[in-house]
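Below is one structure, written out as structure tokens, with a few remarks after it.
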Amino acid sequence: MANLITTFRIIFSFAMLWPKVGSEGFIVLYLLAGLTDMADGPVARRTGTVSESGSRLDTAADICFFAAAAYKIFPVISIPWWLFAWIIIIALLKVAGIVYGMIQNGRLTPIHSKANKLTGLMMFVFPFTLTFIPEKYSVAVMCSLATFAAINELSKTRTKSREKQS
């Protein structure tokens with residue numbers, strides 16, 4: 001059941017690519033994708049179906065949701081070039097963590113830390129704050145937390161790899 005919920009996040013994420021940002025269709029799909037992100041973990045834990053493959057599927061769904069939302073939202077907001085550069089650096093840190101984990105462990109090793117979850121929550125509510133918080137401030141706060149989360153994730157991946165080698 002949890003994997004089905006996660007799969008719907010991927011479907012909703014791709015469906016978000018068609019409606020205009022701010023339209024009812026976009027908002028409904030965005031909310032549904034976000035709600036599935038909040039629901040799949042608790043459903044897996046409650047039903048005793050937590051699995052490594054489910055965790056990997058969740059990570060893939062998170063990437064699809066973030067990519068679709070960024071693709072649609074970035075063109076309609078105005079942020080300074082340095083914030084955009086910071087976002088790229090964070091993405092590179094995340095990719096480095098994924099690649100490092102795959103090289104060291106031979107598989108995807110997602111880390112679902114509290115910092116990652118809080119970053120995800122902030123990114124989820126971001127579009128709803130655009131009417132009352134200037135985007136450069138919201139994005140700067142999200143980037144600060146996302147940088148911490150990415151470095152923390154890379155550190156945990158390295159620690160897991162070292163423990164495995166011992």
Side-chain angles (χ1 to χ4, degrees), residues 1-19 21 25-77 84 86-128 139 142-143 145-164:
M1 182 61 142
N3 287 349
L4 180 62
I5 293 169
T6 305
T7 302
F8 272 108
R9 181 160 69 258
I10 295 169
I11 294 167
F12 295 142
S13 297
F14 282 110
M16 282 173 24
L17 297 174
W18 282 272
V21 173
F26 180 83
I27 291 169
V28 166
L29 290 166
Y30 187 86
L31 286 171
L32 288 171
L35 291 173
T36 61
D37 190 22
M38 292 179 222
D40 58 359
V43 167
R45 285 186 290 279
R46 191 167 294 141
T47 59
T49 57
V50 173
S51 68
E52 192 173 311
S53 63
S55 180
R56 287 194 301 265
L57 180 63
D58 182 61
T59 298
D62 289 345
I63 291 167
C64 289
F65 181 43
F66 175 77
Y71 178 79
K72 293 296 285 190
I73 294 170
F74 276 152
V76 299
I77 64 172
F84 188 72
W86 193 357
I87 291 167
I88 291 171
I89 291 168
I90 294 166
L92 291 173
L93 283 170
K94 297 287 276 182
V95 168
I98 291 168
V99 169
Y100 183 85
M102 290 182 82
I103 290 169
Q104 292 297 314
N105 303 311
R107 61 184 170 77
L108 182 64
T109 54
I111 307 284
H112 296 284
S113 68
K114 289 180 182 171
N116 273 333
K117 290 177 182 182
L118 184 56
T119 301
L121 177 62
M122 288 182 71
M123 290 190 309
F124 177 69
V125 299
F126 170 70
F128 303 108
V139 174
M142 281 189 296
C143 282
L145 183 57
T147 300
F148 170 78
I151 291 169
N152 180 264
E153 182 176 335
L154 184 56
S155 173
K156 285 183 178 187
T157 300
R158 289 186 68 215
T159 301
K160 270 187 173 181
S161 296
R162 285 187 188 142
E163 289 172 357
K164 185 178 178 183

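Since the model is a prediction, treat every value here as computed from it, not as a measurement.
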Any chance you could measure [X], atom [atom1], to [Y], atom [atom2], to the nearest 0.5 Å?
{"X": "Phe84", "Y": "Ile87", "atom1": "CZ", "atom2": "CD1", "result": "7.0 Å"}
{"X": "Met123", "Y": "Leu118", "atom1": "CE", "atom2": "CG", "result": "10.5 Å"}
{"X": "Asp58", "Y": "Thr36", "atom1": "CG", "atom2": "OG1", "result": "9.0 Å"}
{"X": "Glu153", "Y": "Phe148", "atom1": "CD", "atom2": "CZ", "result": "11.5 Å"}
{"X": "Leu93", "Y": "Asn152", "atom1": "CG", "atom2": "CG", "result": "12.0 Å"}
{"X": "Ser155", "Y": "Tyr100", "atom1": "OG", "atom2": "OH", "result": "10.0 Å"}

What heavy-atom pair brings [X] and [Y] nearest, and what distance separates the two atoms?
{"X": "Leu57", "Y": "Asn3", "answer": "CD2-O, 3.6 Å"}
{"X": "Pro75", "Y": "Ala70", "answer": "CD-O, 3.9 Å"}
{"X": "Ala2", "Y": "Thr49", "answer": "CB-OG1, 4.3 Å"}
{"X": "Leu154", "Y": "Gly97", "answer": "CD1-CA, 3.4 Å"}
{"X": "Leu29", "Y": "Ala15", "answer": "CD1-O, 3.5 Å"}

Less than 4.5 Å apart, any side-chain heavy atom of [X] and any of [Y]?
{"X": "Leu145", "Y": "Met122", "result": "yes"}
{"X": "Phe126", "Y": "Ile73", "result": "yes"}
{"X": "Phe8", "Y": "Ile11", "result": "yes"}
{"X": "Trp86", "Y": "Thr147", "result": "yes"}
{"X": "Ile5", "Y": "Asp37", "result": "no"}

message: Applying side-chain hydrogen bond (donor to acceptor under 3.5 Å, both in side chains) as the test, list every pair that has at least one member in residues 60-73; sequence neighbours left out.
response: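 Residue pairs passing side-chain hydrogen bond (donor to acceptor under 3.5 Å, both in side chains), neighbours aside: Arg9-Asp62.
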task: Determine whether the side chains of Asn116 and Lys94 contain a donor N or O and an acceptor N or O closer than 3.5 Å.
output: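 A donor-acceptor contact under 3.5 Å links the two side chains.
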Partner set under side chain to side chain donor-acceptor pair (under 3.5 Å) for Thr6, not counting sequence neighbours: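 Result, side chain to side chain donor-acceptor pair (under 3.5 Å) vs Thr6: Asp40.
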query: Taking only residues two or more places apart in sequence, or in another chain, which ones meet Thr119 in a side chain to side chain donor-acceptor pair (under 3.5 Å)?
result: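 In terms of side chain to side chain donor-acceptor pair (under 3.5 Å), with neighbours along the sequence ignored, Thr119 is linked to no residue.
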task: Apply ring pair (Phe, Tyr, Trp, His ring centres under 6.0 Å) to Phe124 and list each qualifying residue two or more places apart in sequence or on a separate chain.
output: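 Phe124: ring pair (Phe, Tyr, Trp, His ring centres under 6.0 Å) contacts with Tyr30.
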- prompt: Among pairs that include at least one residue of residues 33-61, which meet ring pair (Phe, Tyr, Trp, His ring centres under 6.0 Å), considering only residues two or more places apart or in two chains?
  reply: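 Every pair satisfying ring pair (Phe, Tyr, Trp, His ring centres under 6.0 Å) with a residue in residues 33-61: there are none.
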query: Within a reach of under 6.0 Å around CE of Met38, are more than 12 heavy atoms found that belong to other residues, nucleotides or ligands?
result: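 Buried by this count: over 12 neighbours within 6.0 Å.
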query: Residues in side-chain contact (heavy atoms from CB on, under 4.5 Å) with Arg45, at least two apart?
result: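 Scan of Arg45 (side-chain contact (heavy atoms from CB on, under 4.5 Å), adjacent residues dropped) gives Pro42, Val50.
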